[in-house]
Amino acid sequence: MLAHFKRPLNAQRIPSLTRSLYRFPLDSDINITKRGETKIISGSGGRSSRTGYTATVFGGTGFLGKMLVAKLAKHGTITICPYRNETSMRQLKVNGDLGVVNFIEFDVRNLQSIEDSLCKSDIVFNLIGSQSNTKNFTMADSNIEATRRIAKLAKEFNVPRFIQVSSYNANPDSPSIFYATKGIAEQVVREIIPDSTIVRPGPMYGRNSFFMNELLPLRVFGGNVLFKKQVYPTHAIQVAQALEKIGYDDSTAGKTYELNGTEKYSKNELREMIKYITHVGMTGYFEAAVGWYLPATPLMIKSWCYLNGLLNPDMDSLNSDSFTRAQLDQILDPNALGYSDLGMKPDELADWLYTYVRPRIIASSQIKNRTVYDRDEVEKLRDYVNTPKDSFDLLSMKG
Ligand SMILES: NC(=O)c1ccc[n+]([C@@H]2O[C@H](COP(=O)([O-])OP(=O)(O)OC[C@H]3O[C@@H](n4cnc5c(N)ncnc54)[C@H](OP(=O)(O)O)[C@@H]3O)[C@@H](O)[C@H]2O)c1
């Protein structure tokens, strides 16, 4: 019996042990909000603990929102999720203990529903954002007007912390409507709540992210124009973690953060790398298709996007504004703070690319293909795709 307890820990098991330990994101057991209220932590950090805080996450049903709600609810922050769609809110329920995750049906046009969502909160996160004009809401409605209404009510109810999730390249003067509306929303928030925190994430990758899904198709009409953009992709889970830290840390009030990965990639380069991981070695693969890029001129793609925007107005991609965004590389703001100011080290895409691309590997390609691409191999692949070569060379790479 004693021998069992004395057995030295297997080194390989230590990481999994540490991962399973719950740690509060708050250093202190007693915290005082800017409103002067005392928040006392109860429990040892697990699902049944409580941080004492209440947070509202507008946009909690989205890609990033779901991760943020999971992080907040995990340690027992009472989380309020305003929602407008039953199916997208359903999976949020299981993130916390009974009573931790709460839902309020809302509409940005209904002020009462916004008021109900935030009146009891200590932290309001606004993650609402839209990259296209829909039947009921233009981008200006979702990105500016919704923000204005939420910020005004947050001020009225004296909510101590307001965190606005903006976007990289947010700039009121941008030729892109999305970036311009996000830039104006930042100004609106700062006018109403000067000590709000603004967070601009780079393009976010993660499981089933829009950023990576867009790069998966083997052939894209005009990929040469649509994917030439250079970006600093960031890990969505880290953005959620950073938002959680910012929410609890009052020293972040009034500051602007840009959350980016450390390395610059062009979308084309990433797409080529993903193509290798998912398709090389695929049995019975039609060789000519690999080199078939369907290139086009910018004018052709611009007209195509314009037409598609008219025919499918709800589509986030392939509309006039997505075309404009595709022409604008990511610009970094030298005055903004970053992950390091939050005590975080940004993840590198090379460590995660295979993890997120793996579910998309075509079964037949596994027969000939290696099944694991570690960081070194992803880096070699990056060098390889950037070496000028005949496009048919692709199939002989593994030879
Ligand atoms: N994904 C990226 O790579 C990226 C990069 C930079 C910045 N951002 C910004 O980060 C934030 C979160 O991104 P995400 O990828 O999680 O976005 P997402 O998946 O598209 O989620 C957007 C959220 O906003 C809500 N929403 C949009 N328009 C609304 C409206 N008119 N009324 C009420 N709710 C509305 C959506 O509600 P429903 O679920 O009901 O539709 C959803 O919860 C957004 O502000 C986005 O602009 C994202």
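Indexing begins at 1, ligand by ligand and atom by atom, following the structure's order. All residue numbers in this chain count up from 1 along the given sequence.
Heavy-atom proximity to atom 21 (O) of ligand 1, evaluated over G62, S167, G206, is greatest for G62.
Summary of contacts: the protein heavy atom closest to atom 23 (C) of ligand 1 is G59 CA, 3.9 Å. With hydrogens left out, the protein atom closest to atom 12 (C) of ligand 1 is L127 O, 3.6 Å, a heavy atom. The closest protein non-hydrogen atom to atom 20 (O) of ligand 1 is G129 O, 4.3 Å. Protein heavy atom at the shortest distance from atom 34 (N) of ligand 1 is R84 NE, 3.6 Å.
Ring geometry for Y205 against H235 counts as parallel: the plane angle stays under 30°, on a 0 to 90° scale with 60° as the upper cut.
Residue contact check: F178 has heavy atoms under 4.0 Å from atoms 47 (O) of ligand 1. Distances below 4.0 Å separate heavy atoms of K182 from the following atoms of ligand 1: 44 (C), 45 (O), 47 (O). Counting the atoms of ligand 1 from 1 in the order shown, those under 4.0 Å from a heavy atom of V165 are 10 (O), 11 (C), 45 (O). Of all atoms in ligand 1, numbered sequentially from 1 with element shown, those under 4.0 Å from a heavy atom of T61 are 37 (O), 38 (P), 39 (O), 40 (O), 42 (C), 43 (O). Remark: ligand 1 atoms within the under-4.0 Å shell around heavy atoms of P203 are 3 (O). Residue-ligand proximity, S142 to ligand 1, at heavy-atom distances under 4.0 Å covers atoms 28 (N), 30 (C), 31 (N). Heavy-atom proximity to F106, at under 4.0 Å, picks out these atoms of ligand 1: 33 (C). Short contacts between ligand 1 and M204, defined as distances under 4.0 Å to a heavy atom of the residue, involve ligand atoms 1 (N), 2 (C), 3 (O), 4 (C), 48 (C).
For the pair G202 and ligand 1, a heavy-atom separation below 4.0 Å is found. Taking 4.0 Å as the cut-off, S166 counts as a neighbour of ligand 1 on heavy-atom distance. Distances from ligand 1 to the non-hydrogen atoms of D141 include no value under 4.0 Å. Residue-ligand proximity: P201 is placed with a non-hydrogen atom under 4.0 Å from ligand 1.
Proximity of a side-chain donor or acceptor of Q238 to a complementary backbone N or O of D347 within less than 3.5 Å is detected. Under the 3.5 Å distance criterion, the side-chain polar atoms of D329 are left unmatched by any main-chain donor or acceptor of Q327. The main-chain N or O of T33 is never found under 3.5 Å from a side-chain atom of D250 such that the two would form a donor-acceptor pair.
Contacts with ligand 1 closer than 4.0 Å are made by heavy atoms of both the backbone and the side chain of F63.
A donor and an acceptor atom, one from each side chain of T77 and T51, are located under 3.5 Å apart. A side-chain donor from one of D316 and S132 sits under 3.5 Å from a side-chain acceptor of the other. Checked by atom type, the side-chain pair E186/S166 shows a donor-acceptor distance below 3.5 Å.
At a distance under 4.0 Å, no protein heavy atom can be found next to atom 17 (O) of ligand 1.
Taking a cutoff of 4.0 Å between a charged side-chain nitrogen and a carboxylate oxygen, E145 and R148 qualify as a salt bridge.
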When you look at N319 and N308, which way does the side-chain contact (heavy atoms from CB on, under 4.5 Å) test go after all the steps?
CA-CA 6 Å; N319 52 40; N308 193 56; 5.9 Å; no
Test salt bridge (charged side-chain N to carboxylate O under 4.0 Å, His left out) applied to R84 and D107, step by step
CA-CA 7 Å; R84 53 178 186 165; D107 189 312; over 6 Å; no
Evaluation steps, ring-ring contact (aromatic ring centres under 6.0 Å, His included), between F210 and F63
CA-CA 9 Å; F210 178 79; F63 169 66; 9.5 Å; no
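Other residues, nucleotides and ligands contribute over 12 non-hydrogen atoms within 6.0 Å of the NZ atom of K255.
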